[in-house]
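As C-alpha cells, the structure follows; a few thoughts come after it.
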Amino acid sequence: MCDSFIALPSFTANGSVIFGKNSDREPNEAQDIVHFLRKNISEKSLKCTYIEIPQVNETFEVILSKPFWMWGAEMGVNEHGVAIGNEAIFTKIKIKKENIGLTGMDLVRLALERTRTAKSALDLVIELLEKYGQNACSGYEDKNFFYHNSFIIADKIEAWILETADIQWVARKVKNFASISNGLSIQTDYDLISENAINFAIKKGWNKAGSEFNFAKVYSNKFMNWASACYTRQKTSLEKGGINKGNMEVLDAMNILKSHHNLDFQPSKSTTKDLCMHATGILSTSHTVSSIVVEIREKVMPTIWITGSSNPCLSLFKPVYLGGNFNFSISKAKPNDSFWWKVEQFNRLALKNYSQIKSLTEKAFITFQNELIEQDEKLIYELAHQKFPNLEINSKFEQLTNEALDFHEKFILKNSKRTLEKKNTFAPFFNNFWAKQNKVFAKT
C-alpha cells in the first residue's frame, strides 16, 4: 500500500512543485536510498527485476528510494526535475502470475533514467506498459503479491496521473493539487485513454455499449478497495492538502505523510486507514518503510527530502541533492550497518513505548527539521544567484545532508534505553506479529 500527492505552482507558497509519497511495504523489506550518475552505456540489453529489455545509449542521473532486492524503485527524481511514484492497484483483470512483465517500480526507474519531462515520462511508461505488461510479482517474502499500478508523474511545470488495469490505462492532467492511493480514481474525467480500454470492458460485460464510460467503476476490484481503505486515505490526503491551498510548503507535505487516522493513535491500533502505516498482522501487513517529499523548482535543482527509514511519524526528513555525495549505505535481507536497519531497530523497540518516544522525536526533530529547511532555502538562494560555478556551495549541500544523517543517528544512540522503559501493551495479535518479524534481528 502507498499514498502519493502532488501540488503544482498555483498551489504552493513559493511557486515550486511539491511531490510527496509514503512507500508501504513488508516490515522487513529494507528500502535503500541510491544515487546513480548520468551514464553512457554500451550494453544492448537491460535486466530489470524479472525480464530483459533493450537498453538505451544514455541514462540520466537519478536519486531513488527502492526495495533493496529489486531493480526498480518506489519513487525518485532525475537530473531534469522529473519525479515519479507508483501505487499498487487491484483490478478485475486477473494476473497469470508468471513473472514475464515489468513491475510498477521498474517502470518508475526506467522513466526517470530515460526522460526529460513529465509528458515524455508518461508516454514512455505507456509504451513499456503496452509492450511488456505488468505480469510481475512485487512482493518480497509474499511471492503471491501481484498487482497493477497507478503513477503520479511530475516535473517543474506540470503533472499527470496515470492509472492502469493490465495494459489498459487512462491519464489525467493535474490541476492545482491531487492525490492517489491504492484504488482507481479516474472516472469519466480522463484526458487520455488506451485504444481498447472501452471495447475490452464491453466485451467482458463490465460496461454497456453506448453508455458513459467510467474507468474506475468499470475496472476496480471493489473488495480490495474496501480492504485497503484506499479511498479513506485518499480523502485524508486531499483534505489535509486542501488546508494549505495556495500556501503549501514542504513541511506541510511532511506532516501529511506523518498523519494517522485517529488522534489517539497507537501502533497496535493502526489500520489501513493510516497514511503513516504501522503493520499489525493479518488485516494490515503493510508498513511505511520510506517517505519522500520533493520540492521541484523551475530554475534550480530540486531538494529531495527523504526519511530513508520507516514510519515518518518517528523520523526526520533528510535533504539529499543531485550532483552531490551522500551515503545511506546499502541494506541487506538481514540487519547490517545501513542507515535503514539502524533506525529500524530503534523504531521496533519504540513500539513498546510509542507515546513517550513519539514525544521525544517531536521535541528533537521539529526544531531541527525547520532548521534544515531554512538552511536549504539559504543554500538554494545562494546557488540561484551565483555568477560563476562554485565548488564551495556543493560542499555545503553535502554537509547539510551529513548533518541530518548524523543528527538522526545520534538521537537513536541517546534515546535507545528509553525504548525499553515500558512493556508491551495488551495486544496479543499485534505483539505476536512483531515477535515473528523481529526474529530477523536474532539471526544476525
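One-based numbering along the sequence shown. Scope of the values below: all heavy atoms of this structure, side chains included, with no hydrogens, waters or symmetry mates.
Between the side chains of Ser309 and Ser315, at least one donor N or O lies within less than 3.5 Å of an accepting N or O. A donor-acceptor pair shorter than 3.5 Å can be found between the side chains of Arg114 and Gln55. In summary, the side chains of Lys269 and Asn262 do not present any donor paired with an acceptor at a separation below 3.5 Å, with no hydrogens or angles considered. When only modelled atom types and interatomic distance are considered, Thr117 and Asp155 share no side-chain donor-acceptor pair under 3.5 Å. With 3.5 Å as the limit, one finds a donor-acceptor pair spanning the side chains of Thr164 and Gln134. When only modelled atom types and interatomic distance are considered, Ser237 and Asp3 share no side-chain donor-acceptor pair under 3.5 Å.
Between Glu295 and Arg297, at least one side-chain nitrogen of the basic residue sits less than 4.0 Å from a carboxylate oxygen of the acidic one, meeting the salt-bridge criterion. Between Lys119 and Glu158 there is no salt bridge, since no side-chain nitrogen of the basic residue lies less than 4.0 Å from a carboxylate oxygen of the acidic one.
When each of Glu344, Arg348, His287 is checked for a side-chain hydrogen bond (donor to acceptor under 3.5 Å, both in side chains) with Asn311, only His287 meets the rule.
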Original post:
Going through the distances and angles, do Glu113 and Arg109 end up as a salt bridge (charged side-chain N to carboxylate O under 4.0 Å, His left out)?
Top reply: CA-CA 6 Å; Glu113 288 189 342; Arg109 180 171 174 178; 2.9 Å; yes
Original post:
Given Phe68 and Tyr140, is the ring pair (Phe, Tyr, Trp, His ring centres under 6.0 Å) satisfied, shown in steps?
Top reply: CA-CA 10 Å; Phe68 78 95; Tyr140 169 44; 5.3 Å; yes
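Partners of Ser331 according to the side-chain hydrogen bond (donor to acceptor under 3.5 Å, both in side chains) rule, which considers only residues two or more places apart in sequence or in another chain, are Asp32, Ser338. When the ring pair (Phe, Tyr, Trp, His ring centres under 6.0 Å) test is applied to Tyr321, the partners found at least two apart in sequence or on another chain are Phe397. When the ring pair (Phe, Tyr, Trp, His ring centres under 6.0 Å) test is applied to Phe326, the partners found at least two apart in sequence or on another chain are His35, Phe328.
Ring orientation note: the planes of Phe411 and Phe365 are tilted relative to one another, at an angle of 30° to 60°.
Geometrically, Lys143 engages Trp69 in a cation-pi contact, judged by NZ or CZ lying under 6.0 Å from the ring centre and within 45° of the ring axis.
At a threshold of 4.5 Å between non-hydrogen side-chain atoms, the residues Glu74 and Pro67 count as touching. In this structure, the side chains of Ile93 and Tyr219 come closer than 4.5 Å at one or more pairs of heavy atoms.
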